S.K.: 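First the structure, which I've put down as structure tokens, then a few questions once you've had a look.
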There are 2 protein chains.
Amino acid sequence: MQATKRSIIDAANILFYQQGYDHTSFSRIADEIHISRGNFYHHFKSKDEILEAVLQVRMSHTCEMLNGWEKESDNALDCIRRFIQILDVNFDKIQSYGCPVGTLCTELGKLNHNAQEEANQVFVLFLDWLKKQFILLGHEKEAEHLAMHLLARSQGVATLAHAFQDRDFVMYEIQEMFDWLDNINEEE
Amino acid sequence: MQATKRSIIDAANILFYQQGYDHTSFSRIADEIHISRGNFYHHFKSKDEILEAVLQVRMSHTCEMLNGWEKESDNALDCIRRFIQILDVNFDKIQSYGCPVGTLCTELGKLNHNAQEEANQVFVLFLDWLKKQFILLGHEKEAEHLAMHLLARSQGVATLAHAFQDRDFVMYEIQEMFDWLDNINEEE
DNA sequence: CAAACATTAGGTCAATCATCCTAGATGTCA
DNA sequence: TGACATCTAGGATGATTGACCTAATGTTTG
């Protein structure tokens with residue numbers, strides 16, 4: 001029971017990222033995990049329901065990742081640096097398919113899909129987490145702005161990295177974000 | 001001869017932006033301009049050929065816009081400010097559909113479409129133009145980096161504006177980019 | 001007016017899509 | 001072993017897709 005459903009969600013998660021939600025068919029997912037098409041409807045009533053499940057998995061994975069960063073880091077500054085460095089750590093994937101969060105939100109927005117709001121919640125997870133780190137650094141008032149600013153910059157870098165496949169650019173921008181981070185913490 | 005072909009391209013241009021390339025069907029375009037489906041193949045051999053035509057239109061429109069900015073501006077600083085301000089000027093569209101350049105490049109990348117490289121060329125137009133302005137401001141060495149940096153930031157802002165429909169955020173980020181622009185020109 | 005060409009409408013095609021259905025396989029538990 | 005729920009395979013469905021074709025209409029030119 002669990003195994004097949006699980007593998008459907010996992011395969012859909014990857015394919016939605018690599019090919020986009022709309023462009024990924026049941027046949028494509030079925031081929032990937034070697035089950036028949038008709039099998040889907042015992043586990044999900046519709047394609048939307050698979051998307052729902054994928055979004056929930058992404059939410060929980062993101063939570064785990066963010067909690068992991070907090071545990072492995074000495075302080076809030078290190079946490080934020082970890083966030084910035086995902087552009088380097090996940091460069092291969094980003095170069096090939098863009099940011100998994102941003103590209104899905106953009107696609108669902110264009111499709112006028114009901115799940116757009118839910119997809120945005122993954123962004124919100126990052127925003128709240130970043131805001132928390134900036135507050136820990138003593139930026140209570142500007143924390144919201146700083147979080148949005150940094151998320152926007154990483155989104156922009158991911159978009160151009162996907163378009164141009166330019167690693168040097170990404171490394172340069174990471175350094176720029178590190179410098180920016182140092183600057184706002186020197187001002188006191 | 002011209003009229004129908006022209007209206008197909010114009011309708012496709014808008015729909016590819018609003019709904020995405022893959023998700024826009026011939027029927028949808030035909031309905032929009034009240035022609036029959038079969039009519040397409042007298043003007044275009046395939047859907048890819050329509051995309052090709054749309055990309056050429058976008059290229060020339062972008063060139064005209066950039067040339068216009070140069071003519072209407074007093075100096076390179078004003079030119080760059082104009083670029084930053086499209087986020088405000090086109091806010092309604094960006095809020096609804098994202099950046100027309102970035103979202104198409106991202107989609108074509110995921111579809112592994114041949115025209116991805118050509119779509120990127122619209123980005124290159126902006127990059128070369130920005131680079132030129134930064135050189136005029138005396139930043140020969142860093143012009144390339146500065147152009148990529150600014151384009152990335154505007155892309156990031158557009159992505160989050162589309163996701164969250166937050167005008168205040170956009171206005172705040174525009175001010176941040178203005179400040180950044182002033183800073184790099186004070187340093188001499 | 002007539003012949004040559006350009007444009008359009010609408011039907012047809014095979015392929016693919018999400019969805020649904022049923023029959024059989026596999027497991028679980030009395 | 002037998003009864004019953006769960007799971008799976010694969011075919012059928014109707015809708016939609018990009019592509020193609022032909023007949024009919026405009027338009028231009030000799």
Side-chain angles (χ1 to χ4, degrees), chain A residues 1-57 104 107-116 118-119, chain B residues 1-57 104 107-116 118-119:
Chain A
M1 164 229 194
Q2 293 282 22
T4 304
K5 186 167 187 174
R6 189 77 227 167
S7 64
I8 290 175
I9 296 173
D10 290 342
N13 191 7
I14 294 172
L15 288 171
F16 288 172
Y17 175 37
Q18 295 180 343
Q19 315 189 330
Y21 167 71
D22 194 59
H23 194 251
T24 299
S25 67
F26 280 129
S27 299
R28 184 68 188 78
I29 302 173
D31 287 352
E32 195 72 19
I33 56 180
H34 305 102
I35 63 164
S36 81
R37 272 166 299 108
N39 203 332
F40 281 87
Y41 288 83
H42 185 262
H43 301 282
F44 304 96
K45 271 187 291 205
S46 68
K47 194 180 177 183
D48 290 355
E49 219 166 77
I50 299 181
L51 176 60
E52 209 83 12
V54 166
L55 286 174
Q56 281 180 6
V57 165
L104 183 60
E107 184 187 359
L108 295 181
K110 293 217 183 204
L111 297 179
N112 256 322
H113 196 287
N114 291 330
Q116 190 197 358
E118 207 171 335
Chain B
M1 164 227 192
Q2 294 279 22
T4 305
K5 186 166 186 174
R6 189 76 227 168
S7 64
I8 290 175
I9 296 173
D10 289 343
N13 191 7
I14 294 171
L15 288 170
F16 288 173
Y17 174 37
Q18 294 179 344
Q19 316 189 330
Y21 168 71
D22 194 59
H23 194 251
T24 300
S25 67
F26 282 156
S27 299
R28 186 67 188 79
I29 301 174
D31 288 351
E32 195 72 19
I33 55 179
H34 306 102
I35 63 165
S36 80
R37 274 166 299 108
N39 205 331
F40 282 87
Y41 288 84
H42 185 261
H43 302 282
F44 305 96
K45 271 186 293 204
S46 66
K47 194 179 179 183
D48 290 355
E49 221 166 75
I50 300 181
L51 176 60
E52 209 83 12
V54 166
L55 286 174
Q56 281 178 9
V57 166
L104 184 60
E107 183 186 359
L108 295 181
K110 292 218 181 202
L111 297 178
N112 255 322
H113 196 286
N114 291 330
Q116 190 198 358
E118 207 171 335

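Below, read A as the first sequence line, B as the second, and so on, with proteins coming before strands; counting in each chain starts at 1. The shown structure was predicted, so the numbers you read here are calculated from the model rather than taken from an experiment.
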S.K.: Show the nearest heavy-atom pair for residues A:R37 and A:S27, with the distance to one decimal.
M.R.: CD-OG, 3.3 Å

S.K.: Using the side-chain heavy atoms of A:S36, tell me which of these nucleotides is nearest: D:dG10, C:dT8, D:dT6.
M.R.: D:dG10

S.K.: Of the residues in residues 7-20 of chain B, which ones touch DNA chain C at a heavy-atom distance under 4.0 Å?
M.R.: none

S.K.: Within 45° of the axis and under 6.0 Å from the centre of the six-membered ring of A:F44, does NZ or CZ of A:K5 qualify?
M.R.: yes

S.K.: To the nearest angstrom, how far is A:H42 atom NE2 from C:dG27 atom P?
M.R.: 15 Å

S.K.: Where do A:E49 and A:K45 come nearest, in terms of heavy atoms and distance?
M.R.: OE1-N, 2.9 Å

S.K.: As a test of understanding, state which of A:V54, A:I50, A:D48 forms a side chain to side chain contact (heavy atoms under 4.5 Å, CB included) with A:Y21.
M.R.: A:D48

S.K.: Determine which pairs satisfy salt bridge (charged side-chain N to carboxylate O under 4.0 Å, His left out) with at least one residue from residues 8-26 of chain A, sequence neighbours left out, and list them in order.
M.R.: A:R6-A:D10

S.K.: Side-chain N or O of B:H23 versus OP1/OP2 of D:dT17: is the shortest distance under 4.0 Å?
M.R.: no

S.K.: Taking all non-hydrogen atoms of both residues, which atom of A:I33 and which atom of A:A11 are closest, and how far apart?
M.R.: CG2-CB, 3.7 Å

S.K.: How many whole angstroms separate atom NE2 of A:H34 from atom P of D:dT8?
M.R.: 15 Å

S.K.: What N/O pairs connect the protein and nucleotides 25-28 of chain D at under 3.5 Å? Give each pair on its own line.
M.R.:
none

S.K.: Taking all heavy atoms of B:I8 and all of B:I29, pick out the closest pair and write down the distance.
M.R.: O-CG2, 4.2 Å

S.K.: When the distance from CD1 of B:I33 to P of C:dA9 is rounded to whole Å, what number comes out?
M.R.: 9 Å

S.K.: Heavy atoms, side chains only, cut-off 4.5 Å: are A:H113 and A:L51 in contact?
M.R.: yes

S.K.: Enumerate, atom names and distances included, each donor-acceptor pair closer than 3.5 Å involving a side-chain atom of residues 12-20 of chain A, sequence neighbours excluded.
M.R.:
unit_1 : atom_1 : unit_2 : atom_2 : d
A:N13  : OD1    : A:R58  : NE     : 2.8
A:N13  : OD1    : A:R58  : NH2    : 3.2
A:Y17  : OH     : A:K93  : O      : 3.3
A:Y17  : OH     : A:G98  : O      : 2.6

S.K.: A:F40 has an atom CZ; how far is it from atom P of D:dG10, in whole Å?
M.R.: 14 Å

S.K.: Within the 4.0 Å limit for protein heavy atoms, which parts of nucleotides 18-24 of chain D are touched? Write it as a string from 5' to 3', B for base, S for sugar-phosphate only, - for none.
M.R.: SBBB---

S.K.: Which residues pass the side chain to side chain contact (heavy atoms under 4.5 Å, CB included) test with B:S36, sequence neighbours left out?
M.R.: B:N39

S.K.: Taking all heavy atoms of A:H23 and all of A:E107, pick out the closest pair and write down the distance.
M.R.: N-OE2, 4.5 Å

